Amino acid sequence: MARSEAPLVTRRTVGIIADGVFKVMLAAVYIGGAVPLGRLLGVSDWLMVVSGAALVVGGGIEITYIRSRPTRTYMRLMIAYDGGWVLTTLAGLLVARQGGSAGGEVWIGYQAAAPLVLVALLAASPHVVCLPLSETAGPPSSSSD
């Protein structure tokens, strides 16, 4: 019976890479549209740019560490990050709905801080050693046909 190899790219891996790419693309929008988006959200231009820079770092590191960090760690961190994003969005909307002017700052502030926390936690997580396929395949199996 032939030995099957684990796929190098799984759905979770694709999801992790897509999450990192989304962060980088969102960063481009934040940096490129800092002035109009800042006005729309009631946030200063510099906070939009800082948030964009943090998202570039977060997304870039997320993509870079994909082969050296456990998928389980990624999944837990991404769930926590996205959960925080949802809660912060709700808090920002609640502040704005009640007539406060800090709703946009709460939301963009989270996006300036959270990617850096994600990077710090990924950097502190245990490394995974990825061996080339030739070293992980093991001895060929003998099969009787």
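The basis for the numbers below is simple: all heavy atoms, side chains too, and nothing from hydrogens, waters or symmetry mates. When a residue number appears, it is its place in the shown sequence, counting from 1. These numbers come from a predicted model, not from an experiment.
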**Complete:** Nearest heavy-atom approach of Ala112 to Ala54 is O-CB, 3.2 Å
**Request:** For residues Thr10 and Thr71, determine if any side-chain heavy atom of one lies less than 4.5 Å from a side-chain heavy atom of the other.
**Result:** no
**Message:** For a 4.5 angstrom cut-off between non-hydrogen side-chain atoms, does Ile108 reach Gln111?
**Reply:** yes
**Message:** Does any part of the side chain of Asp82, heavy atoms only, come nearer than 4.5 Å to the side chain of Asp19, both counted from C-beta?
**Reply:** yes
**Asked** Taking all non-hydrogen atoms of both residues, which atom of Pro70 and which atom of Pro126 are closest, and how far apart?
**Response** CD-O, 3.2 Å
**Val56 to Ala27 - nearest heavy-atom pair and separation** = CG2-CB, 3.3 Å
**Message:** According to a hydrophobic-cluster definition based on side-chain heavy atoms being under 4.5 Å apart (Ile, Leu, Val, Met, Phe, Trp, Tyr only), do Leu77 and Tyr110 belong together?
**Reply:** yes
**Request:** Find out whether Arg76 and Tyr81 are in side-chain contact, i.e. whether some heavy atom of one side chain is under 4.5 Å from a heavy atom of the other.
**Result:** no
**Request:** Report the relative orientation of the aromatic rings in Trp85 and Trp107; use parallel for angles under 30°, tilted for 30 to 60°, perpendicular for over 60°.
**Result:** parallel
**Message:** So Leu55 and Val24, do their side chains get closer than 4.5 Å, heavy atoms only?
**Reply:** no
**Shared hydrophobic cluster, Val117 / Leu122 (ILVMFWY, side-chain heavy atoms < 4.5 Å)** = yes
**Request:** Treating Ile, Leu, Val, Met, Phe, Trp and Tyr as nodes and any side-chain heavy-atom pair under 4.5 angstrom as an edge, say whether Leu37 and Trp46 lie in one connected cluster.
**Result:** yes
**Prompt:** Nearest 0.5 Å, what's the NE2-CZ distance between His127 and Arg67?
**Reply:** 15.0 Å
**Request:** May I ask whether Leu116 and Leu47 are part of the same hydrophobic cluster, defined by side-chain heavy atoms of I, L, V, M, F, W, Y residues being less than 4.5 angstrom apart, directly or through others?
**Result:** yes
**Asked** Any side-chain heavy-atom pair from Ile66 and Tyr74 closer than 4.5 angstrom?
**Response** yes
**Arg69 vs Ser125, side-chain hydrogen bond (donor to acceptor under 3.5 Å, both in side chains): CA-CA, chis, key distance, verdict** = CA-CA 7 Å; Arg69 298 300 188 273; Ser125 69; 3.2 Å; yes
